[in-house]
J.: 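Handing you a structure now.
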Amino acid sequence: MLKKTAKIIVDVPLMQTDKPFSYAIPSGLENLIETGMRVHVPFGAANRLVQGIVIDLSEEEDSGLKEIAELLDVEPVLTAEQLRLADEMRHTVFSYKISCLKAMLPNLLNSSYDKILTDSEGIQRKWSLLSESQKIEALKEVKSGHLKVSYSARSKENKKIEKYVKASAKLADFKFGKAAKKRAELKSYLLSQEEMIPQKDLPFSSAVIKYFVENALVEVTQKEVSRTAAVFEAVTPDKPKVLNEEQELAFNAIIASADKPFLLEGVTGSGKTEIYLQVIEHTLKEGKTAIMLVPEIALTPQMSNRFIARFGEKVAIMHSGLSDGEKYDEWRKIKEGHAQVVVGARSAIFAPLENIGVIIIDEEHETSYKQDSNPRYHARDVALLRAKYHHARLILGSATPSLESRARAQKGVYHLLTLKHRASEQAFLPEVQIVDMRSNLSDQSVNFSDILLEKIREKVERKEQVILMLNRRGYSSFVMCRDCGFVVGCPNCDISLTLHMDTKTLNCHYCGHQEAVPQVCPNCNGRKIRYYGSGTQKVQEELEKLLPDLRILRMDVDTTKTKNAHEKILSKFGAHDADVLLGTQMIAKGLDFPNVTLVGVINADTGLNLPDFRASERSFQLLMQVAGRAGRANKKGEVIIQTFNPGHYAVKLVAAQDYEAFYRQEMYYRQQLSYPPYYFTVQILVSHKDEDIVAKKAYEIASLVKEKLSDKAKVLGPTPKPIARTHNLYHYQILVKYRFETQLEEVLNQVLDLTQKRENKNLRVLIDSEPQSFV
Ligand SMILES: Nc1ncnc2c1ncn2[C@@H]1O[C@H](COP(=O)(O)OP(=O)(O)OP(=O)(O)O)[C@@H](O)[C@H]1O
Ligand SMILES: [Zn+2]
Ligand SMILES: [Zn+2]
């Protein structure tokens, strides 16, 4: 007898489960179950209940199939396009399909939160407390619109509650003593108000308000306020700017075709964002939707506000700062069609939009677009797949495109559009000066050259503002003994511990190990333990001594820990409450402050010599970005770069503000050394707690790969990783460089599968296609 069945990908990350399993659909659910819904199914010999996703429905001969235990959704949480996307991603992302599918869902749906059903009278029932037959009834009612579903994780602590007050009936006749002037004032204030007002907006001290509350002179109501609503209200609407000639050319080219992706290479401040805004507007007019990706770190309120100012309530914002509940709310808003423009960081590429007309990736060269945990996808690759499916335009924008993208544009795979000038008529690219720190050791300072100090003074006198960047890439403050040279290291990882001044501890950035700063050297018992490295805090202290009247705002991991701290610092700086914004790389991107006329880079060198073939590219990009913060409006901008490597081509070409020259030079090196974009790369990382085992397995894997690939492919390694041990595991890496290899996907899947052999139980294998970091 034929029975209705569902094909399900179960949440058990194994090679055998990378393809779907068939389950019988229990009677009653036949007409309710759809592809893209989540279910619970019994799995394995013990019939453990696991979550799964329905990817197909069919009819099969019933040969004792297991039955679906429970339907978890009342409507599909994944679209057909998303299911297909996971299949396509799987060719270059070597983690199991279920992890790709889960990456497309808000966290809330990947965990076991309870559902709440609300009927038209507001009566609520918990899903988990219903019987099977009640659940089926409930599902039908949801379908017909009589019941609404929500998730209980949006519990009180996730909601923002605000107190509102209003004069109580008692207040009018209440008499205050003569001395209580403020209380009398509050009384007349409250009596003059017709509406409830937020308690926090009352222009009175909390002591006065407390008295009113305790004596029931006010009625207090608690209201839930939507956090995002507050963001939206605070933004003043804005109209499109008249595009300049270069912008107009680029805009028209984009509008004219959607046949291949665009690379928009525009110098800093050239008005790329304005083009994005107008392309999105055009797309909305066509009745289509848009995804706008920006790097997490650049997703400042300044950036999101530009989109909200143009498109208002049509915008959904997705970034990591939101709670699971808030993320779910934004996802819901998109899914229900209330938002047509999604602005977000990497994972927003999976936004459940339909009818996508344009996908834009700003600062496309940013490494944060590649996820560095499973599934290791690159948002750019996912964007290509989604754009193709929707016949949508894809725009990659940057002042300093990745070599990969720029090379594709060279070959005609992408359309190349360039903006060579700054957008506003009075704005010009800044003048960059390089200071050789080897010969410029000032007698008054370790971190500042005389010329930088002089420039800071000059700008501040003119009431202009300064951005100072301390490059901390590949750099950490560590603790060393001056007598014996001992550096305190992590007991689990081969790496020195990083000093955290705020907690006065030494922390491991890999495994999280934390210990107190030692008073005496653990090695020689000497007392000359010294801190090395100049953190932003030390630089701030030094600058305060050198220029005592300076108002400095500091932005680094320590000052931006709390929610919205980032936002507060930037709005203070924008309001000219400070002369100097001193920070780490996090200040390099996206900021647009017209009054900033000087950018100083305190140390250009730290990232330059990392053992990574992209070290020069990354340094060049970062320095160009930060230089681009100066002189964006009608005041001339200057940049001072302090370096110990003044002759390095990346530094010199920043001074010349010449991306194209850098591209040519760097391409030459890449070709010489057979690196991307001339070759593709895949990294295989093997880890085990026993060093002998990991070495042996890594050699086995390398020879398996060599055997399957042509002799044109280059298999480098295995070698121990630069940081050979973390979390008490030893790591070996293999790098495959190749151009065309038909067997590659298959052999890599075979390697992925190795961990399932019983003998390899404690072996960890990670496969990273186009790895973005080698240190
Ligand atoms: N057509 C225009 N007319 C006048 N001003 C403009 C125009 N286009 C953009 N601007 C202004 O020029 C400044 C720089 O523009 P925008 O931020 O869009 O550049 P960008 O290329 O995205 O910058 P970056 O990549 O450096 O962050 C902004 O203050 C913007 O408002
Ligand atoms: Zn010592
Ligand atoms: Zn550690």
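Please read all numbers here as calculations on a predicted model, not as lab measurements. Order of appearance sets the numbers: ligands from 1, and atoms from 1 within every ligand. Because only heavy atoms are used, hydrogens play no part in the values below, and waters and symmetry mates are left out as well, while side chains stay in.
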J.: For H415, enumerate each residue passing the ring pair (Phe, Tyr, Trp, His ring centres under 6.0 Å) test, keeping only those at least two apart in sequence or located in another chain.
T.: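 Scan of H415 (ring pair (Phe, Tyr, Trp, His ring centres under 6.0 Å), adjacent residues dropped) gives F262.
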J.: Have S402 and E364 got a donor and an acceptor in their side chains that come within less than 3.5 Å?
T.: yes
J.: Going by heavy atoms in the side chains, are F311 and L277 under 4.5 Å from each other?
T.: yes
J.: Distance alone, cut at 3.5 Å: any donor-acceptor contact between the side chains of S257 and R393?
T.: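 No, no side-chain donor-acceptor pair sits under 3.5 Å.
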J.: For the residue pair Q621 and R614, confirm or rule out a side-chain donor-acceptor distance under 3.5 Å.
T.: no
J.: Got more than 12 heavy atoms from elsewhere within 6.0 Å of CD, E431?
T.: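 Atom CD in E431 is not crowded, with 12 or fewer foreign heavy atoms closer than 6.0 Å.
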J.: List by chain and number: which residues place a heavy atom under 4.0 Å from ligand 1?
T.: K241, V242, L243, N244, Q247, V267, T268, G269, S270, G271, K272, T273, E274, R306, A423, D592, R629, R632
